[in-house]
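Written out below as structure tokens is the structure these notes cover.
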Amino acid sequence: QVQVVDSGGGLVQAGGSLRLSCAASGSFFSINAMGWHRQAPGKSRELVASIVPNGDVTNYAPFVNGRFTISIDKVKNTAYLQMDRLQPEDTAIYYCAASLRTSRFEGASNFWGQGTQVTVSS
């Protein structure tokens, strides 16, 4: 019943912007963390950014270099990744991941979105 849906990918020119969304829905007690990972062809999956709702603590990969901002709407249970000054090397499938507590008596479990394609042209 828990579902994580990510969206917002597309095709942009270098220097452009995209805003990704990740909505968590279903039966869960709380969100431990939400984040974005990306995977380009022939490369390993890598963390882009994450956020912990308790305190809005954020973490970014070094390659972000101030270009991206992750945020969360705690009412809508939706995280956003605002990506500015995109470059061709940012081209990848971006996956949202949510660490959700689904039981009162057990720890959190990880759930993944289906992925959304981001393509940056030169």
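These numbers come from the heavy atoms of this one structure, side chains and all, not from hydrogens, waters or symmetry mates. Values in this document were obtained by computation on a predicted structure and should not be read as measured data. Note that the numbering runs from 1 along the sequence shown for the chain.
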message = With a 4.5 Å cut-off on side-chain heavy atoms, are Ile51 and Asn59 touching?
response = no
task = Evaluate side chain to side chain contact (heavy atoms under 4.5 Å, CB included) for Thr69 paired with Leu81, printing each intermediate quantity in order.
result = CA-CA 6 Å; Thr69 302; Leu81 184 67; over 6 Å; no
key: Over all atoms of both residues, closest heavy-atom pair of Ser27 and Thr102   = O-CG2, 4.1 Å
inquiry  = Any side-chain to backbone donor/acceptor pair from Asn32 onto Ala108? Under 3.5 Å, distance only.
reply    = no
ask   = In terms of hydrophobic clustering (I, L, V, M, F, W, Y; side-chain heavy atoms under 4.5 Å; direct or indirect links), are Trp36 and Val12 co-clustered?
value = yes
inquiry  = Can you pull out every side-chain hydrogen bond (donor to acceptor under 3.5 Å, both in side chains) where at least one residue sits in residues 70-80? Sequence neighbours excluded, please.
reply    = Asp56-Lys74
key: Side chain proximity check, Gln114 to Val5, heavy atoms < 4.5 angstrom   = yes
query = Do you know which two heavy atoms are closest between Ala24 and Met34, and how far apart they sit?
reply = CB-CE, 4.4 Å
Heavy-atom pair of closest approach, residues Arg67 and Gln87 = NH1-N, 3.9 Å
message = Quick check for you: to the nearest 0.5 Å, what is the distance between Arg85 atom CZ and Asp90 atom CG?
response = 11.0 Å
task = State, to 0.1 Å, how close Arg38 and Ala92 come at their nearest heavy-atom pair, and which atoms those are.
result = CB-CB, 3.9 Å
note = When rounded to the nearest 0.5 Å, the distance separating OG of Ser103 from CZ of Phe29 is 6.5 Å
query = Between Phe63 and Glu46, is a side chain to side chain contact (heavy atoms under 4.5 Å, CB included) present by the stated rule, with each step listed?
reply = CA-CA 11 Å; Phe63 63 76; Glu46 59 184 352; 3.7 Å; yes
inquiry  = Quick one: does any side-chain atom of Tyr60 pair with a main-chain N or O of Ser50 as donor and acceptor, under 3.5 Å?
reply    = no
request  = Over 60° means perpendicular and under 30° means parallel, so classify the ring planes of Trp112 and His37, tilted if in between.
outcome  = tilted
inquiry  = As an exercise, state the distance from CD of Gln1 to OG of Ser25, rounded to the nearest 0.5 Å.
reply    = 10.0 Å
ask   = Would Tyr94 end up clustered with Val120 when hydrophobic side chains under 4.5 Å apart are linked, directly or stepwise?
value = yes
Steps toward side chain to side chain contact (heavy atoms under 4.5 Å, CB included) verdict (Phe68, Gln82) = CA-CA 5 Å; Phe68 302 167; Gln82 177 67 42; over 6 Å; no
ask   = Do Thr116 side-chain atoms and Ser7 backbone N/O form a donor-acceptor pair below 3.5 Å?
value = no
key: Closest heavy-atom pair and its distance - Ala33, Pro53   = CA-CD, 4.1 Å
message = If you define the side chain from C-beta out and look only at heavy atoms, does anything of Met83 sit under 4.5 Å from Leu20?
response = yes
inquiry  = Is it the case that the side chains of Ser17 and Asp84 hold a donor-acceptor pair, with the cut-off being a distance below 3.5 Å and no angle test?
reply    = yes
key: Heavy-atom pair of closest approach, residues Ser122 and Pro88   = CB-CG, 4.1 Å
task = Treating Ile, Leu, Val, Met, Phe, Trp and Tyr as nodes and any side-chain heavy-atom pair under 4.5 angstrom as an edge, say whether Val48 and Val52 lie in one connected cluster.
result = no
ask   = So, the side chain of Asp6 versus the backbone of Cys96: is there a donor-acceptor pair under 3.5 Å, distance only?
value = yes
request  = Could you please spell out the steps behind the side chain to side chain contact (heavy atoms under 4.5 Å, CB included) verdict for Val118 and Thr91?
outcome  = CA-CA 5 Å; Val118 171; Thr91 296; 5.9 Å; no
key: Cluster overlap Tyr95 with Val64, hydrophobic side-chain contacts below 4.5 Å   = no
inquiry  = Heavy-atom count check: over 12 atoms from other residues, nucleotides or ligands less than 6.0 Å from Glu89 CD?
reply    = yes
Atom pair CG/CD1 of Asn54 and Ile31 - distance to nearest 0.5 Å = 12.0 Å
